[in-house]
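For reference, the structure discussed in these notes is given below.
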Amino acid sequence: MEYTVPLWYTFLTIAFALSTFIAYPIVALFVTRPIQRFLRQKNQDHISDWIVWPFKSGWYAMAIVVPFERWRHERNQGFMDTVLPIRQAANRLQCWLSLWLEVSMFGMVFLMFCGLLLEFMGVWSLGSG
């Protein structure tokens, strides 16, 4: 017996998607650009060489939010030298904006993945039919 997607799940997924689409340009303007300018003045902007522009704001936000220092090894020393200046250059508002982007983005991806998984398992149907 197939059930259609519950209305609350649809609204929650749309809410996370809208939150992501609103947070991304805000983080790009108020987090990525100022930190990138600051690091370029100090010649410490190495992440711009690695990441192309659509993913740059997500990586800057992740560098601020995720505590990468716990995984410090000699193998990833170049990565740590890139992440630490970004985290140190962020102020409290930029940390909160980065957290907003990361939570909404990962929440959106998680809910969409779960919806597809539940449809694949036959629990519910995403389409009408």
Side-chain angles (χ1 to χ4, degrees):
M1 179 181 222
E2 285 188 5
Y3 297 102
T4 58
V5 177
L7 192 60
W8 63 267
Y9 188 86
T10 304
F11 283 138
L12 192 62
T13 304
I14 291 171
F16 271 99
L18 283 175
S19 178
T20 301
F21 294 133
I22 292 170
Y24 194 87
I26 291 173
V27 168
L29 286 174
F30 297 115
V31 177
T32 305
R33 291 182 89 191
I35 292 176
Q36 189 175 16
R37 284 183 190 148
F38 176 74
L39 293 178
R40 281 186 181 169
Q41 290 174 352
K42 298 173 91 178
N43 289 330
Q44 293 179 334
D45 181 34
H46 305 293
I47 201 166
S48 294
D49 299 334
W50 299 350
I51 313 245
V52 293
W53 71 268
F55 306 107
K56 202 174 289 188
S57 292
W59 278 100
Y60 270 83
M62 191 180 297
I64 293 170
V65 172
V66 178
F68 286 111
E69 295 89 15
R70 294 183 182 186
W71 301 295
R72 178 182 287 274
H73 298 292
E74 51 277 344
R75 292 180 305 201
N76 63 359
Q77 190 61 38
F79 178 71
M80 291 307 298
D81 292 341
T82 303
V83 170
L84 286 177
I86 293 171
R87 189 167 213 182
Q88 292 169 350
N91 61 29
R92 180 171 276 196
L93 176 65
Q94 291 170 334
C95 291
W96 282 107
L97 290 173
S98 299
L99 182 64
W100 174 32
L101 175 65
E102 292 299 313
V103 168
S104 61
M105 187 168 43
F106 285 113
M108 176 188 70
V109 170
F110 177 75
L111 287 172
M112 288 181 177
F113 176 75
C114 286
L116 292 173
L117 182 67
L118 289 171
E119 181 187 20
F120 177 74
M121 291 173 35
V123 174
W124 63 37
S125 173
L126 291 177
S128 61

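- C114 SG to E119 CD: the interatomic distance, rounded to the nearest 0.5 Å, is 13.0 Å.
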Let me have the donor-acceptor pairs involving side chains of residues 10-18, under 3.5 Å, with sequence neighbours excluded, atom names and distances please.
residue : atom : partner : partner atom : Å
T10     : OG1  : P6      : O            : 3.3
T13     : OG1  : Y9      : O            : 2.8

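- With hydrophobic clusters built from ILVMFWY side chains whose heavy atoms lie under 4.5 angstrom apart, L117 shares a cluster with M112.
- Two residues are said to be in side-chain contact when any heavy atoms from C-beta on lie closer than 4.5 Å; M62 and F106 meet this criterion.
- Applying the side-chain hydrogen bond (donor to acceptor under 3.5 Å, both in side chains) criterion to S98, with sequence neighbours excluded, gives no partner residue.
- In the hydrophobic clustering of ILVMFWY residues, with side-chain heavy atoms under 4.5 Å counting as a link, W8 and M108 come out together.
- Atom CE of M105 is separated from atom OG1 of T20 by 7.0 Å, given to the nearest 0.5 angstrom.
- Distance alone, capped at 3.5 Å, places no donor-acceptor pair between the S57 side chain and the V27 backbone.
- The two residues E102 and A61 come nearest to each other via the heavy atoms OE2-CB, 3.3 Å.
- In this structure, F55 and Y24 approach most closely via the heavy-atom pair N-OH, 3.8 Å.
- Taken together through direct or relayed side-chain contacts under 4.5 Å among Ile, Leu, Val, Met, Phe, Trp and Tyr, F120 and L111 form parts of separate hydrophobic clusters.
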Check step by step if side chain to side chain contact (heavy atoms under 4.5 Å, CB included) holds for I64 and I35. CA-CA 11 Å; I64 293 170; I35 292 176; 3.8 Å; yes
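- Note on F21: it does not cluster hydrophobically with V103, by side-chain heavy-atom contacts below 4.5 Å among ILVMFWY residues.
- Two residues are said to be in side-chain contact when any heavy atoms from C-beta on lie closer than 4.5 Å; I26 and W100 meet this criterion.
- Annotation for L39 and P85: closest pair CD2-CB, 3.7 Å, computed over non-hydrogen atoms.
- The CD1 atom of I86 sits 9.0 Å away from the OG1 atom of T32 when rounded to the nearest 0.5 Å.
- The residue from R87, Q94, Q36 that alone fulfils the side-chain contact (heavy atoms from CB on, under 4.5 Å) condition with Y60 is Q36.
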